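Below is one structure, written out as structure tokens; the observations come after it.
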Number of protein chains: 2
Amino acid sequence: MSTFTGKLDIHKGVTVSSAEEPCPDIKEFTARLEASLRKWQDAKLRGVWFRVAVNHVQWIPILSQNGFIIHNAYGDTITMCRWIQREEANRIPNYAHNMVGAGAVVINDQNQVLVVQERYRNRPYWKLPGGYVDPGEDIVCAAQREVLEETNVRTEFESLVTFRHSLEAVFGCSDLYFVVRLRPLTSEILKQDVEIDNAMWMDVDEFLNHPEVHENNRMFVRKSIENKANGILMARDTTFHPITQKPQALYYITKSPDS
Amino acid sequence: MSTFTGKLDIHKGVTVSSAEEPCPDIKEFTARLEASLRKWQDAKLRGVWFRVAVNHVQWIPILSQNGFIIHNAYGDTITMCRWIQREEANRIPNYAHNMVGAGAVVINDQNQVLVVQERYRNRPYWKLPGGYVDPGEDIVCAAQREVLEETNVRTEFESLVTFRHSLEAVFGCSDLYFVVRLRPLTSEILKQDVEIDNAMWMDVDEFLNHPEVHENNRMFVRKSIENKANGILMARDTTFHPITQKPQALYYITKSPDS
């Protein structure tokens with residue numbers, strides 16, 4: 001009986017990809033899957049992964065009947081997994097379930113804060129520029145990109161101000177929103193047309209008392225000013241992870257160099 | 001020609017669920033989908049969502065041929081989406097792509113830090129207790145739960161110490177790891193058997209100089225001690241989001257009340 005080969009990983013797991021080992025005949029797939037599971041159980045493997053392309057989805061119900069659950073899906077691939085050693089608890093972590101966004105407090109030398117009104121809202125709230133962090137993107141870079149896209153103002157990083165973790169947010173996920181203080185390097189506003197109705201430098205006092213500003217946004221600006229006055233900030237070091245050697249950013253509380 | 005009904009949302013989107021409007025015949029599905037898309041385009045809808053159950057995956061290749069892409073999948077449902085107004089840019093945010101974990105610096109009155117050795121590692125590193133945040137779980141609660149599960153020590157929250165954002169991490173995601181300072185309320189260690197080989201209170205100086213401790217972990221403990229000495233902390237308020245009224249936690253830098 002033929003079996004799947006798959007690719008072994010350092011966690012004693014194996015990954016089969018439908019694109020690399022296609023098997024369109026469902027009867028043959030079922031038999032090959034069962035023989036493969038016996039082989040992997042005997043070999044004391046642990047997590048078994050199947051990456052199923054959109055054009056091979058007929059595998060999915062068979063995998064489900066064999067104890068596989070959906071782990072994640074994006075692009076044109078659905079990934080299912082199963083822990084095959086029955087005497088051990090399943091140690092496969094859940095896939096990501098937190099949305100991540102970033103916004104910016106940008107205050108100029110005239111004590112004005114950079115604010116925008118988003119299109120497609122029921123009420124014309126004034127808010128800080130911001131949006132979702134892209135896949136693989138650094139949080140501070142995301143905040144700078146959103147400021148640039150929405151207002152065309154270039155900035156440099158000063159401090160992380162605060163972050164919010166909301167439960168029960170969009171797509172059944174939780175939601176993390178990071179607010180950074182950015183120093184403006186340019187002042188002229190050229191607003192983006194698709195998502196933004198208005199963009200302006202607004203006096204900080206006006207923003208803090210404006211009826212069309214949400215309490216979270218008010219708090220972000222208040223904290224930013226308070227931290228600066230107190231000479232404390234949340235700095236950021238970009239280094240490499242000691243195990244994986246991948247890029248990482250470390251955020252930590254410290255006193256301002258000039259305080 | 002019959003069309004799908006779906007459920008409208010506040011963003012001018014519509015969601016069809018295969019469990020609620022089954023259509024096992026693929027020819028009929030294809031015709032009904034095309035008629036539905038025309039109907040929704042005429043009605044000026046924007047995002048169209050199909051939630052496809054594991055037993056109805058034959059819909060997926062047809063949806064793909066009609067311009068739908070996979071958005072996310074978990075449990076027994078795969079969700080595909082398409083922006084149907086061709087003159088507008090697609091404004092559907094990506095699904096979550098950041099893993100989120102939490103760990104804890106727990107230091108007792110004898111200046112000892114609570115540390116564990118994980119099973120299934122190539123080398124017996126001593127590390128701070130911690131792990132992934134569960135779906136819908138608060139970050140501080142996750143850190144307290146991990147400490148309790150791994151060592152049976154009960155704790156209370158003092159401060160967020162630092163966080164790390166790593167790119168190119170597991171499952172093609174980025175990875176956020178939050179480190180909180182927790183005050184121990186109990187001292188006796190009862191280690192968990194499945195994932196933890198050893199757990200102990202280790203002198204802080206020994207931990208900071210131990211060869212089997214990673215630089216990130218050393219930094220987490222150093223920053224925790226430094227913040228406390230400097231009288232600055234990252235506090236947490238649990239409130240409700242002003243728009244959604246869902247639970248949220250706000251983290252912000254402040255001076256210690258006793259500093």
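So you know, we letter chains A, B, ... as the sequences are listed, proteins then strands, and number each from 1. None of these values were measured; they are calculated from a predicted model.
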Engaged part of [X] at the chain A interface, taking heavy atoms whose separation is under 4.5 Å:
X	value
B/Tyr251	both
B/Leu63	neither
B/Trp49	side chain
B/Val161	backbone
B/Thr238	neither
B/Asn98	both
B/His214	side chain
B/Glu137	backbone

Should we say atom CZ of A/Arg51 is surrounded by more than 12 heavy atoms from elsewhere, each under 6.0 Å from it? no
Ring-ring centroid check B/Phe163 A/Phe178, cutoff 6.0 Å: yes
Would the B/Tyr74 and A/His97 ring centres measure less than 6.0 Å apart? no
Stepwise, does the side chain to side chain contact (heavy atoms under 4.5 Å, CB included) test hold for A/Ile139 with B/His165? CA-CA 8 Å; A/Ile139 290 165; B/His165 189 220; 3.6 Å; yes
Counting heavy-atom pairs closer than 4.5 Å to chain A, which one of [options] comes out on top?
options	answer
B/Ile10, B/Asp134, B/Asp76	B/Asp134
B/Tyr132, B/Tyr177, B/Tyr252, B/Phe240	B/Tyr252
B/Gln58, B/His71, B/Glu215	B/His71
B/Cys173, B/Gly136, B/Ala169, B/Pro93	B/Pro93
B/Asp175, B/Leu176, B/Asp237, B/Val179	B/Leu176

Residue pair A/Val57 / B/Ile60, side-chain heavy-atom distance below 4.5 Å: yes
For [X] and [Y], which heavy atoms make the closest approach, and how far apart are they?
X	Y	answer
B/Ala96	A/Tyr95	O-CE2, 3.6 Å
B/Ile253	A/Ile232	CG2-CD1, 3.6 Å
B/Leu167	A/Lys246	O-CB, 3.4 Å
B/Ile70	A/Gly75	CB-O, 3.5 Å
A/Met234	B/Thr162	CE-CA, 4.2 Å

If I measure from the heavy atoms of chain B, does A/Thr244 come under 4.5 Å with its side chain, its backbone, both, or neither? neither
Heavy-atom proximity to chain B below 4.5 Å, by part of A/Met80: neither
Decide yes or no on side chain to side chain contact (heavy atoms under 4.5 Å, CB included) for B/His241 and A/Asn216, but give the supporting numbers first. CA-CA 8 Å; B/His241 192 284; A/Asn216 273 6; 4.0 Å; yes
Could you walk me through whether A/Phe220 and B/Leu250 satisfy the side chain to side chain contact (heavy atoms under 4.5 Å, CB included) test, starting with their C-alpha distance in whole Å, then the side-chain angles of each, then the deciding distance to 0.1 Å, before giving a yes or no? CA-CA 10 Å; A/Phe220 297 155; B/Leu250 283 163; 4.1 Å; yes
Tell me if a side-chain donor or acceptor on A/Ser166 pairs with a main-chain N or O of B/Gln248 at a distance below 3.5 Å. no
Most heavy-atom pairs under 4.5 Å with chain B, out of A/Ser174, A/Pro135, A/Gly131, A/Ser64, belong to A/Pro135
Separation of A/Gln245 CD from B/Glu168 CD (nearest 0.5 Å): 12.0 Å
